[in-house]
Protein chains: 2
Amino acid sequence: MQHQDSRFPPVNEDSPFSPDDRFYAEEIQLAFRNQGMPLEGLRYPITPTRMHYLLIHFDIPHVDVEEWSLEVGGLTSKPLRLTLEEIKRHPAVTIAVTMECSGNGRALQSPRRIGVPWQLEAVGTAEWTGTPLRGLLEEAGLRDDAVEILFTGLDRGVQGDEVQYYQRSLTIDEASGEDVLLAYQMNGEPLSPPHGYPLRLIVPGWYGMTNVKWLDRVEAIGEPFHGYQMDKSYRISQTAGELGEPATLIKVRALMAPPGIPDFLTRARLVEAGPVTLTGKAWAGRSGISGVELSVDDGSTWSEAELGEQVSRYAWTAWSFGWNATPGRYSLCVRATDSEGNVQSADQSWNYAGVAENMVQRVHVLVE
Amino acid sequence: MQHQDSRFPPVNEDSPFSPDDRFYAEEIQLAFRNQGMPLEGLRYPITPTRMHYLLIHFDIPHVDVEEWSLEVGGLTSKPLRLTLEEIKRHPAVTIAVTMECSGNGRALQSPRRIGVPWQLEAVGTAEWTGTPLRGLLEEAGLRDDAVEILFTGLDRGVQGDEVQYYQRSLTIDEASGEDVLLAYQMNGEPLSPPHGYPLRLIVPGWYGMTNVKWLDRVEAIGEPFHGYQMDKSYRISQTAGELGEPATLIKVRALMAPPGIPDFLTRARLVEAGPVTLTGKAWAGRSGISGVELSVDDGSTWSEAELGEQVSRYAWTAWSFGWNATPGRYSLCVRATDSEGNVQSADQSWNYAGVAENMVQRVHVLVE
C-alpha cells in the first residue's frame, strides 16, 4: 500500500529509492534486532545507554555471573582464571569512546551487501569502565612466541556456513595499548545483556566489531588468527573472493541532528523559516577533527561550522552552524575533515562488504 | 547481492518472501529507530530495560526536568501544575506490565500497510513505578461534564498531513482504573529518554499507543477526542476510508524463544538432535492464559505446553514444552488461549492498518 502526503515524497515505486533497492524481510528482521541511535541522540555528549547503537551477531547470551569466569591463557607462563569480582579489584579506568559499526552507511551503497542494512544510525558514545588489558597480560606472563591475542565471546551461531563462537584477534602491540580495556560498566552501570554483560573488550578508535562482547577467553596465540570474522568479514575488497584489506580504525564522519520536526513515515523534516542552529557531532577513530563544513545546496557550496569541545581523545566533537532558513526545499549536507587531513567524500566509494565507508549525510528539509 | 548458505534458505528473489513483499528504505529507517525485543529476551520474566521494545512516533524530546512540569486541568475545579518531585510525593505503586505494539506482526500481512514493519518483536515486560492517575484527577476535582481525559506528549511531528503533538484520550472510566499510572520509573530506574522521560502514562492491558510518553498535559474534556491518533490511526478496518473499530486491549499471543543457535542472516535455527526444552511466554491484555499449545509440524497437530506462573495480573505467563528433536527440518508453531477462550488463529486475519493481529509464530529449525 502506498503512502502519499502533500508535503513529503511518496513511499512507493516512485520514491527516491528505486524498486531495485528495496529490502528483504531478513534485513528488516536484522534492523529490529540491531538497534540504531535515533539521530536526535546526537544532541547528547554521552549517549544515553538506551539510545546507543547495538550490533548482535548471534543471540544475546544469558550469563549467570556466579558461574562465569574469564580465562586469560594460551602462550602465557601463568594462565589466569578470574571472576568478575577479581577483575574489578584490578585498577579501573573510565574512558569516553565513540563507537561506530563498520557497516554504518551500508544501505546507501548500490548494489549493497545483504546484511544489517544500516543507513547512518550505527553510532554512539559511552563512558566505559574497566581494567586495562595489558595489566592482565603482564600478570599472566605473555611468552615471547605470542604474536596475537585472540578474544572469544559466548555468542555462537552460523555464518558463512561455519558454526562458530564470535572471535576476533589483535596484534600484541594493539592489545597492549594503554586504553584497551576489559570493561564491565557502561555509563556508570553494569553492562546490560545486549552490550556484553558481564565483560567486553573496548578498543578505542576501532570499528565496533573489534570490541568483543560476552568475553569467555583471552588467549595469546603464536600465529595470526584467520577465523571467519577476520578473513571473511570486515574486509575492504571489490569482489567476494578477494581478501582485501581489513577494516580497522574508524574513518572521519560528521552527522547532524535533523532540524525541525519529522514526518512520521519518511523522516523528512519540516522546519520553520528563520534562524536555525544546526548541530551535530564529528569523529575520526584516534584522530581529532580539524573542521566541519555545511552545505544547504546538496553539496554545491560549503561553509565552515563552529567546533565545540572534543568529549575525549577517542570521542566525538560537537559542532554547530547558524542557518537562516528561507522557505523552500533543501538537501542539507555535512562533512568533516580529521586532523590528518582526511575528508569525507560526497559520493559513496564502494566495497563488496559495505564496510568502512563515510559518505556525507544528506537531510531532506522543507522550510515553511 | 545474494546470500546462499548450504543449510538455510537463500536471501534473494527465491526467498520465502516474494519480491512483492520487499520493503522500502523508509521502513528500514523506522525499524532501526523503533527497536524490537530480540526474541531470546523471552527468557526473562522482566525484560532488561535495554531489550524492551520501543515505538517512537516523532523525535525523542529532550526534557530539562528543572523546566518541566505536568498540567492536570481542563474541566476541573482545581487545576494542578506539578513538578516531578511533587508527583513523586504522591502514593507510589509498582506494577509489572506486558506491553505490545498494536502493529506487532504487521510485516506478516500481505499486502501490508507501509509503516513500522514489525515482524513479532514489538513486546516487552517491565516493572513500572508511578502514582495512580485517579488520585490526581480527584485532587484536581473532575467536573461532572467531563467525558474523557486527553493525554498530550511533548513529541511533535507530521502524520497524515497534520502537524501534531502526540495525543490520545481515554474515557473517564478507563482513566480512573486503579492501575492506570503516571509512571516515572521503569525497572527501578528513572525513565530513559526513549521510554518517556520524565513521565509517561501506563494503562495496563492496552496496546502500546495508549501509554503516552513525555507527558505534558492531562486534560479533562467535554466531548470525545477525535484527533489523528484516535480516528485515523489504530483502527481495525478493511479500507482506508472506513472508520472501523479502535484497537484497545492486547489480544492473546504466545511467542517462543528460538531454540538452538541462529544463522546470522536469516535467523533460521540450528538445533542439536535430542531432548530440547522449548520455552517462551504468553499473554492477553487483562486476561489470564488458559493454555499454550505447540506444533512441530507447521500446525497440523498440537500438544499442550506446561504453564508456569503469571508474572503479574497484567504480565505474561511462562510456558515450556519438552521436544525430542530428531534430524530434519521443522516449522515450530505456538499458540495460546486466553481465560475467555479466545485462541490465536493459524492464518493472519487482515486489516488496513495492520493492527491488533495475533497470527501464530512460526520458527524454522534445522535439526542435525
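Order of the sequence lines fixes the chain letters, A, B, ..., with proteins taken first and strands second; residue numbering starts at 1 for each chain. Side chains are part of it too, since the values below use all heavy atoms of this structure and drop only hydrogens, waters and symmetry mates.
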Given a strict heavy-atom distance threshold of 4.5 Å, which part of [X] is in contact with chain A: side chain, backbone, both, or neither?
X	value
B/Pro38	both
B/Pro193	side chain
B/Arg43	side chain

Taking the side chain from [X] and the backbone from [Y], do they hold a donor-acceptor pair closer than 3.5 Å?
X	Y	value
B/Gln119	A/Ala25	yes
B/Gln159	A/Phe264	no
B/Glu40	A/Ile60	yes

Which pair of heavy atoms, one from B/Leu265 and one from A/Ile114, lies closest together, and at what distance?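 Looking at all heavy atoms of both residues, the shortest contact is CD1-O, 3.8 Å.
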
Write down the atom of A/Arg269, the atom of B/Asp59, and the distance for their closest heavy-atom approach.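 Minimum heavy-atom contact is NH2-OD2, 2.5 Å.
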
The test is side-chain contact (heavy atoms from CB on, under 4.5 Å); show your working for B/Tyr24 and A/Phe23 and say whether it passes. CA-CA 6 Å; B/Tyr24 295 99; A/Phe23 293 81; over 6 Å; no

Kindly indicate whether the side chain of A/Phe32, heavy atoms from C-beta on, has any atom under 4.5 Å from the side chain of B/Pro117.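 Touching, per the 4.5 Å side-chain cut-off.
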
Specify which of [options] makes the most heavy-atom pairs with chain B at under 4.5 Å.
options	value
A/Gln29, A/Arg267, A/His57, A/His195	A/Arg267
A/Arg156, A/Met51, A/His62	A/His62
A/Ile56, A/Leu120, A/Leu54	A/Leu54

Determine whether the side chains of B/Arg33 and A/Gln35 contain a donor N or O and an acceptor N or O closer than 3.5 Å.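 Short answer, no.
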
